Amino acid sequence: METSHFINSIIEEDLRSGKHKEIITRFPPEPNGFLHLGHARAIITNYTMAKKHGGYFNLRFDDTNPVKEDVSFVDAIKEDIAWLGCQWDNLYYASDYFNEMYERALLLVKKGKAYVDDLTPEEIKEYRGDLTTPGKNSPYRNRSIEENLELFIGMKEGQFPDGSRVLRAIIDMTNPNMNLRDPVIYRIQRAHHHNTGDTWCIYPMYDYAHPIEDAIEGITHSLCSLEFEDHRPLYDWVVENCEMEAVPRQIEFGKLRISKSVIGKRYIKQLVDGGVVFGWDDPRLITLSGLRRRGVPPEAIRDFIFALGLPKSQGETEIDMLEQVIRDHLVMEVPRVNAVLEPLKLVIDNYPEGEVEYLECENNRDNEALGNRKIPFSKYVYIEQEDFVEEKPNKKWKRLALGVEVRLMHAYFVKANHVVKDEQGNIIEVHCTYDKDTKSGSGFDLRKPNGNIHYIDGTLNQIAEFRLFDDLITDFEDKEIPFIEKVNPNSMVVKQGYFEKDIHPEIGDRFQFTRNGYYAVDKDSNKEKLVFNRIVSLKATYK
RNA sequence: UGGGCUAUGGCCAAGUGGUAAGGCACCGGACUUUGACUCCGAGAUCGAUGGUUCGAAUCCAUCUAGCCCAGCCA
């Protein structure tokens with residue numbers, strides 16, 4: 001798979017020039033939510049860059065803020081990454097480095113590069129200035145090194161209440177880059193940490209912790225998204241002033257955006273917490289667990305990510321592209337079977353009552369390796385309601401209609417003669433006659449049918465539930481409407497219909513339903529009923 | 001209005017001075033026991049303007065538009 005983006009070029013240049021002998025990358029999720037498609041880009045990119053150049057790839061949980069994080073996410077994140085096929089070489093936690101971070105902070109204080117500030121959060125904000133106004137130095141900025149040392153140690157020893165003081169880097173309060181206006185690097189926060197328990201009551205801030213984590217692990221290229229570009233000078237400042245031996249390089253790439261979908265963790269969380277969806281693994285979500293449950297193969301996700309490249313531009317990719325990559329993956333790989341989602345009974349008047357034929361049927365016409373199977377056929381069958389109309393509407397109609405002959409795929413030509421309706425005028429039965437000379441496989445070619453439709457035998461079948469998914473969110477443009485009110489009430493439509501009798505799939509198994517789409521067996525299936533998720537429909541040039 | 005970044009057909013994206021790859025979508029057409037698949041074909045002068053050059057999407061200048069930054073979040 002082609003990966004010739006600008007980051008790849010930088011890496012190859014670093015290898016060629018001898019700057020690095022091996023490439024070490026990392027994926028540093030914060031364990032505070034589930035992974036989504038956007039993370040997939042980061043994971044796959046980091047993994048691929050390391051593996052392609054013979055290096056290694058670390059998974060590191062960026063757990064520097066215990067009040068926001070939870071172990072429950074750790075296992076889910078690991079599962080998602082493994083599912084994507086990006087097995088990490090090392091598993092680390094930022095919290096493993098708390099001690100070293102603390103020592104390096106001490107070093108900064110001793111070098112006169114950091115100070116303890118007693119300003120309240122509100123005051124810090126005031127002193128920081130704004131986008132066009134330079135900040136002012138904190139009155140505590142010129143404390144002596146000794147005093148700073150004592151106070152910072154005091155912070156660590158738990159002598160001060162939460163939020164009463166912070167450690168700040170001494171950089172430049174007038175810098176046009178807000179990140180350099182004496183950034184806070186340690187805060188006091190008495191919270192139980194999932195990894196370090198109650199050992200610490202001070203926790204490092206991301207901007208301080210991250211470069212140290214990278215340097216400790218010898219990360220050569222620290223990839224992140226565009227919003228951290230402004231943080232790079234601070235990243236470099238920390239590496240240099242903390243005197244880290246290894247010098248990782250931060251490189252930023254654009255975030256992934258997908259049309260007609262929500263990708264932000266906080267938006268997805270709203271949907272989950274609001275009970276709008278089943279959970280983080282709802283098939284309508286583009287979380288990795290949601291995509292997995294829906295039936296999307298991980299290879300398709302990787303191809304999709306590669307197909308997009310790794311730009312710094314800020315576009316939004318149409319979801320159709322993802323869907324097409326998924327189809328491309330499934331078309332040759334999965335069996336093509338039959339299902340009827342909205343059944344209409346077809347009675348073949350001249351077919352003997354009680355007789356059953358088992359007809360030969362390929363599992364995938366374009367992939368013989370998938371073998372054959374037999375499907376039953378008898379006097380009563382179900383076809384899709386949308387495959388019949390009383391009067392053929394136009395020349396392009398390639399389905400059944402009164403007086404029209406079509407082929408029931410793998411079986412015979414049938415011609416519709418009359419219908420039976422209920423009191424409300426709904427068609428409940430279509431009566432037709434079949435021509436026994438037209439049996440599939442017989443080589444009959446004296447007439448062309450008006451199309452080919454599929455069917456499920458009227459009694460030899462199993463009932464199934466089909467879940468069809470549509471856009472979760474509508475009205476993306478309207479910024480006035482609260483996000484949660486934009487949820488599409490028809491984002492999931494459930495149909496009860498029939499599936500072939502002799503196929504007994506496992507959860508997660510994927511199929512193409514002829515003339516309909518790709519489906520996967522959902523975990524809600526049970527002995528009484530199969531439940532299928534529609535992964536993606538077949539392309540339709542009619543309708 | 002301070003700083004950082006981005007700008008190639010409807011969407012994504014190659015291209016880094018030599019005369020616009022590819023994918024998705026769309027529109028034609030062929031094939032077809034899935035209106036699927038497959039296969040042909042159509043479609044941009046590169047945000048704007050001005051300059052440098054024999055020659056520019058690629059270099060320079062100016063402008064315009066969009067995104068990000070004022071957490072003791074990551």
Side-chain angles (χ1 to χ4, degrees), chain A residues 2 4-5 28-30 32 62-65 67-69 94 117 119-121 124-126 128-135 162-168 174-181 183-189 202-203 205-207 209-210 224-233 252 254-255 257 259 265 303-304 307-325 327-328 331-332 336 338 361-362 364-366 396-399 406-411 413 438 440-441 448-449 451-454 512-517 537-543:
Chain A
E2 199 44 54
S4 58
H5 42 66
E30 184 184 20
N32 69 345
D62 213 349
D63 54 353
T64 56
N65 188 357
V67 308
K68 291 190 140 190
E69 295 148 11
D117 198 350
L119 253 28
T120 65
I124 287 180
K125 184 176 164 63
E126 267 179 55
R128 186 155 34 222
D130 62 32
L131 299 180
T132 52
T133 322
D162 284 12
S164 59
R165 293 188 225 258
V166 292
L167 184 70
R168 293 230 255 170
T174 66
N175 199 296
N177 180 346
M178 303 286 292
N179 296 116
L180 265 17
R181 321 246 261 226
V184 171
I185 60 181
Y186 262 100
R187 75 276 213 182
I188 304 173
Q189 203 165 65
I202 57 170
Y203 290 95
M205 300 289 290
Y206 168 85
D207 281 320
H210 208 83
C224 62
S225 48
L226 246 28
E227 70 265 33
F228 291 102
E229 281 181 310
D230 290 341
H231 297 241
R232 196 188 331 132
E252 312 83 12
K255 267 194 165 146
R257 293 200 303 145
S259 72
K265 207 186 289 184
D303 282 358
F304 175 63
L308 293 179
L310 197 63
K312 293 188 74 170
S313 53
Q314 57 218 8
E316 178 177 86
T317 301
E318 292 176 340
I319 192 128
D320 308 56
M321 209 193 289
L322 206 213
E323 292 185 344
Q324 189 52 27
V325 175
R327 291 187 191 102
D328 286 345
V331 64
M332 299 293 279
R336 299 166 4 178
N338 299 310
C361 181
E362 326 74 15
N364 185 322
R365 242 185 160 66
D366 301 313
K396 292 200 163 190
W397 178 256
K398 293 179 67 178
R399 306 176 187 192
V406 299
R407 169 164 30 223
L408 290 177
M409 291 174 70
H410 303 102
F413 287 14
T438 61
S440 290
K448 287 284 184 192
N452 301 286
I453 66 173
H454 60 96
Q512 180 195 106
F513 289 169
T514 308
R515 304 203 310 127
N516 185 313
S537 67
L538 244 36
K539 281 205 279 191
T541 50
Y542 176 85
K543 267 178 198 179

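None of the values given here were measured: they were computed from a predicted structure. Naming: A, B, ... by sequence-line order, numbering from 1 per chain.
Under 4.0 angstrom from either OP1 or OP2 of B/C69 there lies no side-chain N or O belonging to A/R181.
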Base versus backbone protein contacts along nucleotides 7-15 of chain B [heavy-atom cut-off under 4.0 Å; B, S, -]: ---BSSS--
Return a single string for nucleotides 34-47 of chain B, one symbol per nucleotide in 5' to 3' order, where B is base contact, S is sugar-phosphate-only contact and - is none, cutoff 4.0 angstrom on heavy atoms. BBBS----------
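Listed by chain and number, the residues in a side chain to side chain contact (heavy atoms under 4.5 Å, CB included) with A/N65 are A/E30, A/V67, A/K68, A/E69, A/R187, A/Q189 (sequence neighbours excluded). Remark: A/D328 pairs with no residue by the salt bridge (charged side-chain N to carboxylate O under 4.0 Å, His left out) rule, at least two apart or across chains. Partners of A/P121 under the side chain to side chain contact (heavy atoms under 4.5 Å, CB included) rule, at least two apart in sequence or in another chain, do not exist in this structure. Residues satisfying the side-chain hydrogen bond (donor to acceptor under 3.5 Å, both in side chains) test with A/E362, not counting sequence neighbours, are A/R365, A/H410. The side-chain hydrogen bond (donor to acceptor under 3.5 Å, both in side chains) check on A/D130 picks up A/T132, A/T133, with sequence neighbours excluded. For A/H454, the side-chain hydrogen bond (donor to acceptor under 3.5 Å, both in side chains) criterion is met by no residue, not counting sequence neighbours. The side chain to side chain contact (heavy atoms under 4.5 Å, CB included) search around A/Y206 returns A/D62, A/H210, A/F228, not counting sequence neighbours. With sequence neighbours excluded, the residues satisfying side chain to side chain contact (heavy atoms under 4.5 Å, CB included) with A/K125 are A/R128. Taking the ring pair (Phe, Tyr, Trp, His ring centres under 6.0 Å) definition, one finds that A/Y186 meets it with A/F152, A/Y208, sequence neighbours left out.
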Name the pairs: protein N/O against N/O of nucleotides 1-3 of chain B, kept only if under 3.5 Å.
residue : atom : partner : partner atom : Å
B/G2    : N9   : A/L131  : O            : 3.3
B/G2    : N2   : A/P176  : O            : 3.3
B/G2    : N3   : A/L131  : O            : 3.1
B/G3    : N2   : A/D230  : OD2          : 2.6

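Within 4.0 Å of A/R407, counting heavy atoms only, lies at least one base atom of the nucleic acid.
A/V184 is not listed as a side-chain neighbour of A/L167, based on a closest heavy-atom distance of 4.5 Å or more.
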